[in-house]
Visitor: 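This is the structure I have questions about; it appears just below.
Just so you know, these numbers come straight off a predicted model, no measurement behind them.
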Amino acid sequence: MKRYNPSDIEPKWQATWDEQKVNEVTIDDTRQKLYVAGMFPYPSGAGIHTGHAFSYSIVDAIARFHRQHGLNVLNPMGWDTFGLPGENYAIKTGTSPAVATATNIANIRKQFKRMGISIDWSREINTSDPEYYRWTQWIFTKLFERGLAYQKESLQWWCPVDKTVLANEQVEAGRCWRCGSIVEKKSMKQWFFKITDYAEALLEEIDDLNWPQKIKTAQANWIGKSEGAEIEFKLEGTDETITVFSTRPDTLFGATFLVLAPEHPLVQSLVTAEFADFVATYVKSAIKKSDIERMNESREKTGVFTGSYAMNPATGAPVPIWIADYVLAGYGTGAVMGVPAHDERDFAFAEAFKLPIINVIEPETGTPQQDPEARQSIVAIVRNPRTNTYLSINWGQQGGNLFVGGGRENDEAVVATALREIAEETGYKNVSLVSQTGPMHHNYFAHSKNVARRIEAHALLFDLIDEERTETALEADEQGKFTVEWLSEADVQAKVQDELHATSYDLLVNHSIYHGEGVLTNSGAFDGMSTSQAREEIVAWLEQEKTGRTKTTYKMRDWLISRQRYWGAPIPIIHCEIHGAVAVPEDQLPVMLPEIADYAPKGDGLSALARATDWVNTTCPTCGGPAKRETDTMDGFACSSWYLLRYADPHNTEQAWDPAVVNYWNPVDYYIGGDHAVAHLLYVRFWTHVFKDMGLVNFKEPIQKLVYHGYINAEDGTKMSKSKGNVVDPLEVIEQGYGADALRTYVLFMGPIDLDAAWSSKGIAGVYRFLNRVWVLAQQYQESDKTFVGHDEALRRLQHKVIRKVTDDFHRLSFNTAISALMEYTNELYKLKVDGFSDEAWAEALGSLMQLIAPFAPHIAEEIWQQLGHTSLIQENPWPVWDDALIVDEAITIIVQVNGKLRAKLSVSPDTNEDAIKTLALEDEHVMSFVGDKKPAKVIYVPGRLVNIVV
RNA sequence: GGGCGAGUGGCGGAAUCGGUAGACGCGCUAGACUCAAAAUCUGGUUCUCGCAAGGGAGUGGGGGUUCAAGUCCCCCCUUGCCCACCA
């Protein structure tokens, strides 16, 4: 018998697939297309690691599965080559990054081929190839034409080590994402893409994407839409105004100060002579501060008074204008109105600087009822300061735990009512008032009295002085209905569920700032109005007065694409003294990266390209006069924002792509990756939306289904890293003798694809053993005498069941369970005697196994498929189909439970009726011993599954 | 601080619609083959009481809904990821 030796069969089939170009595809209108792609790799010198092996094993399983279904499957590959690692390597070695890149690509291409990934290599692309970046530049010029690419002087994150500007998403907790050094702010003229124009469109489509929820949420949070109003505050003594943005215009009457960001343009003109020095010092230090420094400080509020006042447009009251770094320059208008009564940050600021606090919202809880009866009441929280526990009344099923509560009669004072209720309900009489809230409102339905109520409540906090108690005095309907308990803080949080009581505790004990909904107070004509209604009416009124308007803002900023680096696509702009920034005309593209001697930036904020004077000095495309080329290059994310379109039409020399071709292949049906949750995916979406508007594609969203997988960690559970020396090289695993099939099958068997997993050398050995069993099984069949016996049902049943299971699992991308089903199937076949069934049935049973295993382990599948006598490749044969009739078992197992506990199993034929099964269950000896002579109260039958006898 | 996940044997994980918890694999273990070992094959393997038949407990903790809960609801704990003074 021939031994299973992957290195004998894998390279052989890889060569065959290559020669027959089985993975190369063209447009075919007679077949359904399927486009599957992994996020293209950055070709590093280290080659691919198991993370890549995992990612592309998913890609390939999906590709092969659909090819076996007869679909026209596009599975391309390319290289994301521009970027800092390539440039840093070039700076170190002095050789062009293009040279090292080419070597790395050749190496990695070999790795992918040795893994047997079914890629259409004729479509290979490389973002640093002039034939590619020519079109990246062309897209830039189109965005420029549409006003979507622009230049602006702005403060930018600057990495002092890499000597480059960083995008917001490249700053992680105040540090450079690449080298980890603390970043600084620097003012520079930079190129931006105006992604903010598409904020709403990008947000709108998120709901409909078939993407993991966490990625969708991350994108929505990134866009960060919030609806509110802009409100103008007139400066005292001038005609100037300060505009603030607020999502809570309903709290306008409570605005007692204004705060500007240190970078706010009005700061200089506002500050009075008296405060000029303080302000200048504060602004200077605030702007210099990096995020990490700000974060390391506690959240204590800092700020300075400008000496100026503005007027609250609602109250006419003067409000002092302050400057503080808790207000961000880049969001909203860079100025806020401080409403300390209803915003925690404003409250902290007001406390720190002794600013007035005006309450304008009375909390309202519960669900408003029809025609409620109005009542007045109190909530009394009694704290025992010695044990730090809180007096609570447990109403059991009726309402859980509450504090002391009760109605306030006629003119009874609030405190008096509370004292009375405490004594009546709990007997405690010696308490001292600590604090109390203003009026609150609560809506509920009093079931005991069958009446809807809206109560006005006051909450009070008392400290218990001593344990002395009197007789309780309860109303008739309260007798014996509750018990008095002392609860710890944790128990209060867990057990006091009633909204009014929980809110009372929050306000009085936790000293929370109330920012929920409620009823307006201290708000002039708007008193008594609900907060939600007031949000609309106050803005409407401001609009009438021309001092405010509704406004939607987004957290997302425009996409900064300038990089002061050599190794990127040059921005195709020529600066002319007369015509300013002029786009390079299409027929002069690409703007080639010139070869230079020294790639290092010199810390002047310019790329090394600035020193290539022959290249920089050129003529203006408009007037022919002397002009200079832009020396910034584009962010690598620009290159990767359209490559999924270029794959469809990779060799087009006339245009970036032919819309007809792209409209056939795109959008991508499955996009697989485990990186780039936000930026890359958002940028790809942004460009595709623009292309749709330009008529270059006929879809808005580039990616139908996003498959976001986890990481593969090292055997010790930590991240694989070169420095720790725990990196597993896929090629090594293959060459150790396990082979590509075992590697691919193992990474998919480790667990669900969205979970992280740790590499296990024992684990891959187990999968190799499985493939070896498959091999041995096939060889045993080949060498048997293939006698026909005649009863093939058992074999067929196994075969058709596994077809259904694997097919189902594929549709939910549950590869680990599909593989485990194939293992079970193989184990079952092992147990059957080879000569116990017909030759025909065996050939089919094994043939199906090969077809089902092929997406994971294509080489062994192809080899055995051929041994079984097939002359065409597996992927040219249709995926097996199961026959429901063949899956029906001769006998099914019915579980018998008594009171929900498993007591017996019945084996019955599937057509046994309910009554017969119930009778069998009740007659079972073991069941009878549990039922005894009691009469079953209920017998529940779940068809085909179980009987539950309730006694 | 906020948002979103996750928590099941010694380990990775399975249980797809509320219906046999622990599939499959690793590890461990007993046996077969062997002079022996490796490889391979066969069996066992949640904990616990019991010679056994069988019983009891059990999916991070507490409560609830249900004939029935890993699965649904409430609270808490732990942990991962993302965001983080966004008005």
Visitor: Examine A:Lys301 relative to A:Tyr326 and say whether NZ or CZ is less than 6.0 Å from the centre of the six-membered ring and inside a 45° cone about the ring axis.
Guide: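 A:Lys301 over A:Tyr326 ring: yes.
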Visitor: Contact class for A:Gln897 vs. all strands (heavy atom < 4.0 Å): base, sugar-phosphate, or nothing?
Guide: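 Base contact - A:Gln897 has a heavy atom under 4.0 Å of at least one base atom.
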Visitor: Does a nitrogen or oxygen in the side chain of A:Tyr326 sit under 4.0 Å from OP1 or OP2 of B:A87?
Guide: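 No, outside the criterion.
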Visitor: Donor-acceptor pair, distance only, cut-off 3.5 Å: does the side chain of A:Asp754 make one with the backbone of A:His709?
Guide: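 A pair under 3.5 Å: no.
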Visitor: Which one is paired to B:A87, where only Watson-Crick or G-U wobble pairs with both distances under 3.5 angstrom count?
Guide: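 By the stated definition (distances under 3.5 Å), nothing pairs with B:A87.
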Visitor: Counting only Watson-Crick pairs (N1-N3 plus N6-O4 or O6-N4) and G-U wobbles (N1-O2, O6-N3), all under 3.5 Å, who is the partner of B:G31?
Guide: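 Base-paired to B:C41.
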Visitor: Step by step, work out the salt bridge (charged side-chain N to carboxylate O under 4.0 Å, His left out) result for A:Asp809 and A:Lys805.
Guide: CA-CA 6 Å; A:Asp809 284 352; A:Lys805 171 72 176 156; 3.3 Å; yes
Visitor: What's the gap between B:C33 and B:A23 when it is taken at their C1' atoms, as a whole Å value?
Guide: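 Here B:C33 and B:A23 have their C1' atoms 30 Å from each other.
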Visitor: Using both distances under 3.5 Å as the test, list the Watson-Crick or G-U wobble partner of B:C72, or none.
Guide: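 Its partner is B:G64 (Watson-Crick or G-U wobble, both distances under 3.5 Å).
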Visitor: Let's see if you get this right: which residues in residues 801-814 of chain A place a heavy atom under 4.0 Å from RNA chain B?
Guide: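 A:Lys805, A:Asp809, A:Arg812 - these, ordered by number, are the residues of the stretch whose heavy atoms sit under 4.0 Å from the strand.
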Visitor: Which residue lies toward the 5' end of RNA chain B, A:Ser226 or A:Ala757, if each is placed at its nearest nucleotide?
Guide: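 Going by which nucleotide is closer to the 5' end, it is A:Ala757.
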Visitor: List the atom pairs, with distances to 0.1 Å, where a side-chain N or O of residues 245-253 of chain A and a protein N or O form a donor-acceptor pair under 3.5 Å, not counting sequence neighbours.
Guide:
{"from": "A:Ser246", "atom 1": "OG", "to": "A:Arg248", "atom 2": "N", "distance (Å)": "2.9"}
{"from": "A:Arg248", "atom 1": "NE", "to": "A:Asp250", "atom 2": "OD1", "distance (Å)": "3.1"}
{"from": "A:Arg248", "atom 1": "NE", "to": "A:Asp250", "atom 2": "OD2", "distance (Å)": "3.2"}
{"from": "A:Arg248", "atom 1": "NH1", "to": "A:His515", "atom 2": "O", "distance (Å)": "2.9"}
{"from": "A:Arg248", "atom 1": "NH2", "to": "A:Asp250", "atom 2": "OD2", "distance (Å)": "2.9"}
{"from": "A:Asp250", "atom 1": "OD2", "to": "A:Arg535", "atom 2": "NH1", "distance (Å)": "3.4"}
{"from": "A:Thr251", "atom 1": "OG1", "to": "A:Arg248", "atom 2": "O", "distance (Å)": "2.8"}

Visitor: 5'-most contact on RNA chain B: A:Ile940 or A:Asp346, nearest heavy atom basis?
Guide: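 Final value for this comparison: A:Ile940.
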Visitor: Using a cut-off of 4.0 Å between protein heavy atoms and nucleotide atoms, how would you tag nucleotides 23-29 of chain B 5' to 3' with B, S and -?
Guide: BBSSS--
Visitor: Polar-atom pairs under 3.5 Å, protein N or O versus N or O of nucleotides 2-11 of chain B: list them with distances, or write none.
Guide:
none

Visitor: Expressed as a whole number of Å, how far does the C1' atom of B:U71 sit from that of B:U59?
Guide: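 Looking at atom C1' only, B:U71 and B:U59 are 10 Å apart.
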Visitor: Heavy atoms under 4.0 Å is the rule here; annotate nucleotides 46-61 of chain B 5' to 3' with B where the base is hit, S where only the sugar-phosphate is, and - elsewhere.
Guide: --------SSSS----
Visitor: Using the ring-ring contact (aromatic ring centres under 6.0 Å, His included) criterion, which residues pair with A:Phe930? Sequence neighbours excluded.
Guide: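 With neighbours one apart ignored, the set is A:His926.
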Visitor: What do the steps show when you test A:Arg549 against A:Glu232 for salt bridge (charged side-chain N to carboxylate O under 4.0 Å, His left out), and what is the final call?
Guide: CA-CA 9 Å; A:Arg549 62 209 68 87; A:Glu232 289 173 8; 2.6 Å; yes
Visitor: With both distances under 3.5 Å as the test, what is the Watson-Crick or G-U wobble partner of B:G3?
Guide: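 Paired with B:G3, as far as the under-3.5 Å criterion goes, is B:C81.
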Visitor: Assert yes or no for the condition that the ring centre distance of A:Phe770 to A:Tyr746 is strictly below 6.0 Å.
Guide: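 For A:Phe770 and A:Tyr746, the ring centres are not under 6.0 Å apart.
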